[in-house]
Amino acid sequence: MTKMLGSVTGVDEAEIALSGRVDIIDLKDPKAGALGAVPTEIIGQATSFIAGRAPVSAVCGDLPMEPETIRAKAEEIAATGVDYVKIGFFPSANAVACAEVLAPLAARTKLIAVLFADLAPDFELLPIFAKHRFHGAMVDTANKANGRLLDHLPPERIPGFVDRAKSLGLMVGLSGSLEAPDIPRLLPFAPDFLGFRGALCGDAGRAGSISAEAVSQIRELVPQESRAGGPSSVDYRLLAARGYSPGTDPTLGTDKIFVRDFVLPVQIGAYSFEHGHTQKVRFDVTADVLQVTDHPEDMRHVFSYDIIMDGIRTIVARGHIQLSEALAEQVATYILENPRVVRVTVRVEKLELGPGGVGVEIERKRQAAGRGVASGPTGRKDQSAVSQPRQQRPEVIRPTIVKLGGSTARAAEMENWIAALAGSKLPIVIVPGGGQFADQVRESQIYMDFSDAAAHAMAILAMEQFGQVILDRHERLVPARSLDEMVRALDEGKVPVWLPSSLALPAPDIPASWDMTSDSLAAWLAGKLGAKALLLIKQTGAFFGSDTIDGLTARGIVDAGFAAMLPNGVDFHLAGPKDAAEAGALLASGNLPGIAIAAPTRPARKAG
Ligand SMILES: O=C[C@H](O)COP(=O)(O)O
């Protein structure tokens with residue numbers, strides 16, 4: 001769940017931020033530069049006033065990139081007792097040395113490195129920050145008079161920062177003159193926090209004072225964790241799948257938000273002559289969006305068409321796409337991820353192949369139980385289909401995600417495991433491993449020399465191949481390509497088997513890397529479904545109850561991306577060949593086979 005960081009100048013503004021339920025309160029002097037430092041005595045006063053009601057961060061100032069200068073200031077700020085120390089990394093040949101000199105401090109204080117989108121940020125520093133045990137990294141802007149974050153770091157480049165940082169176990173933030181319309185565009189990239197100052201000051205500008213009203217507006221746009229402080233166990237996407245959506249009014253209808261004649265250069269096509277270069281492709285997209293009010297006044301009330309264009313740019317930036325149909329499907333899936341979208345039409349048209357255009361148009365919609373879709377052009381609902389009153393909102397099932405390793409395919413245990421899973425009393429979603437189908441991809445990559453991005457896509461299709469084997473074994477097992485299909489299958493008492501390509505390939509928070517195998521994808525899905533537990537079924541028994549996730553990663557029992565992908569609050573279990581015999585009885589009685597593994601020591605991913 002993305003948090004809201006608000007920069008304040010001292011106790012008075014800290015009080016406004018606290019009242020406005022800001023998640024992280026950041027001490028900064030906007031009159032002293034991009035990372036203007038606040039005097040340590042004021043930091044101390046504010047920290048004492050906040051008194052643990054919210055985490056506190058403080059910036060070190062726009063310092064010269066001299067290791068000893070940086071280290072001394074960071075120590076001074078850390079001594080005030082703040083939770084996070086933010087250190088600016090301006091372009092310099094000394095950047096690595098500055099990170100290195102901070103390593104001892106990083107061992108006892110949470111350091112956050114700040115890169116600057118308008119100063120050619122070097123994301124190759126991220127592994128250096130991780131190596132020296134920084135807690136996190138963020139991107140801000142240095143020159144506040146020179147545009148917003150997205151003016152310097154376009155949406156299609158954001159996964160290259162956010163996903164890379166997360167895969168290194170870093171907490172990751174985005175900021176830089178962010179405004180309200182930026183928020184719905186940045187949330188799909190799932191940063192751990194978004195940082196604000198200027199937007200909290202309303203018309204006064206960032207050097208003015210923050211206002212309670214401006215703080216409230218931004219707060220409403222950044223969904224907050226549940227009151228209990230933990231990630232909300234209710235995933236609103238699942239509620240949307242049942243026809244409910246946060247903040248929508250069931251008596252209203254839908255609006256059509258559209259993008260027309262959006263032309264981009266795209267690497268697309270199955271023919272060899274279409275490879276190695278781009279061709280112009282026109283996108284026409286119309287999304288039916290649940291209304292939240294009859295009187296839209298600000299960004300809280302609308303669905304930004306920027307989200308559609310950002311999604312298309314992000315998907316196109318991932319590399320060559322074989323088919324127009326696959327591209328249209330990925331765009332539709334990305335847009336339907338937003339719980340307020342109930343239907344989307346996507347038209348993909350190649351403009352350089354025919355006399356005019358050639359391509360495909362698809363319509364995909366959310367299967368909403370209990371809620372009719374707008375009945376007519378006015379968008380007014382058919383009253384007979386009005387959803388249940390909010391107080392009857394159904395409890396959301398928190399399934400267990402079960403990854404069945406493809407390595408079991410060569411063993412007798414596979415039949416046992418599939419029969420056991422098909423008989424489960426627990427609501428489960430099966431994630432197929434890639435197994436020998438994925439091994440074939442790895443082998444082919446050696447002699448066919450294709451990119452990791454291509455290999456990643458093929459490995460995900462390999463998971464679908466093993467998924468078809470699993471589906472073939474039992475009628476209770478049903479295919480599921482979207483969250484909605486999974487929810488519907490669970491509602492019907494069936495066992496969905498995830499065929500991941502439609503969801504996983506366009507997902508901006510799944511890097512196209514061999515570090516992300518079916519282990520990490522199962523963890524990712526656990527976050528998306530608000531899962532209660534995650535069980536990995538392996539064809540090895542080389543693990544023990546005393547194992548940690550770091551230890552399992554080091555021994556290759558789980559993949560390199562798993563620890564960072566596993567959401568907080570999900571019970572993690574491991575099972576091996578010796579557990580297969582008892583698995584049927586355990587699952588039929590609502591229990592999990594295998595052993596429980598302690599939660600990760602690093603900041604795991606938040607559910608949602
Ligand atoms: O990270 C928080 C920064 O203070 C953002 O400030 P800004 O919104 O004025 O760029």
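Hydrogens, waters and symmetry mates play no part in the numbers below; they use all other heavy atoms, side chains included. Start at 1 and go down the list; that is how both ligands and their atoms are numbered.
- Set against the non-hydrogen atoms of Lys86, the atoms of ligand 1 under 4.0 Å away are 1 (O).
- Ionic pairing of Arg185 and Asp310 is present here: one or more N-O contacts between side-chain nitrogen and carboxylate oxygen are shorter than 4.0 angstrom.
- Listed by chain and number, the residues in a side chain to side chain contact (heavy atoms under 4.5 Å, CB included) with Pro30 are Thr9, Arg197, Arg206 (sequence neighbours excluded).
- When hydrogens are left out, the protein atom nearest atom 2 (C) of ligand 1 is Ser7 OG, 3.4 Å; that is the closest non-hydrogen contact.
- Summarising the local packing, CZ of Arg133 is surrounded by 12 or fewer heavy atoms from other residues, nucleotides or ligands at distances under 6.0 Å.
- With respect to atom 6 (O) of ligand 1, the closest heavy atom belonging to the protein is Arg197 CB, 3.3 Å.
- Counting heavy atoms under 4.0 Å from ligand 1, residue Arg148 does not touch it at all.
- For Asp559 and Thr517, the side-chain atoms include at least one donor-acceptor pair closer than 3.5 Å.
- Electrostatic pairing of Arg398 and Asp571 does not count as a salt bridge here, judged by no charged N lying under 4.0 Å from a carboxylate O.
- The closest non-hydrogen atom to atom 1 (O) of ligand 1, taken over Ser175, Ser177, Gly176, Gly36, comes from Ser175.
- If you number the atoms of ligand 1 from 1 as listed, the ones under 4.0 Å from a heavy atom of Leu5 come out as 1 (O), 2 (C).
- Set against the non-hydrogen atoms of Met138, the atoms of ligand 1 under 4.0 Å away are 1 (O).
- Every atom of ligand 1 with a heavy atom of Gly198 under 4.0 Å away is listed here by number and element: 7 (P), 8 (O), 9 (O).
- Salt bridge Asp509/Lys166: absent, no basic N to carboxylate O contact under 4.0 Å.
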Set out, in order, the CA-CA distance, both residues' side-chain angles and the distance that settles ring-ring contact (aromatic ring centres under 6.0 Å, His included) for Phe90 and Phe116, then state yes or no. CA-CA 7 Å; Phe90 295 85; Phe116 298 94; 4.4 Å; yes
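- For ligand 1, the atoms closer than 4.0 angstrom to any heavy atom of Lys144 are 6 (O), 7 (P), 10 (O).
- When hydrogens are left out, the protein atom nearest atom 3 (C) of ligand 1 is Lys28 NZ, 3.1 Å; that is the closest non-hydrogen contact.
- Only the side chain of Arg206 comes within 4.0 Å of ligand 1, counting heavy atoms alone; its backbone N, CA, C and O stay farther away.
- Salt-bridge formation is detected for the pair Arg148/Asp182: a Lys NZ or Arg NE/NH1/NH2 atom is positioned less than 4.0 Å from an Asp or Glu carboxylate oxygen.
- Every N/O-N/O distance between Gly195 and ligand 1 stays at or above 3.5 Å.
- Against a heavy-atom cut-off of under 4.0 Å, Phe196 is close to the following atoms of ligand 1: 2 (C), 5 (C), 8 (O).
- Inspection of the Asp452 and Ser513 side chains reveals no N or O donor paired with an N or O acceptor under 3.5 Å.
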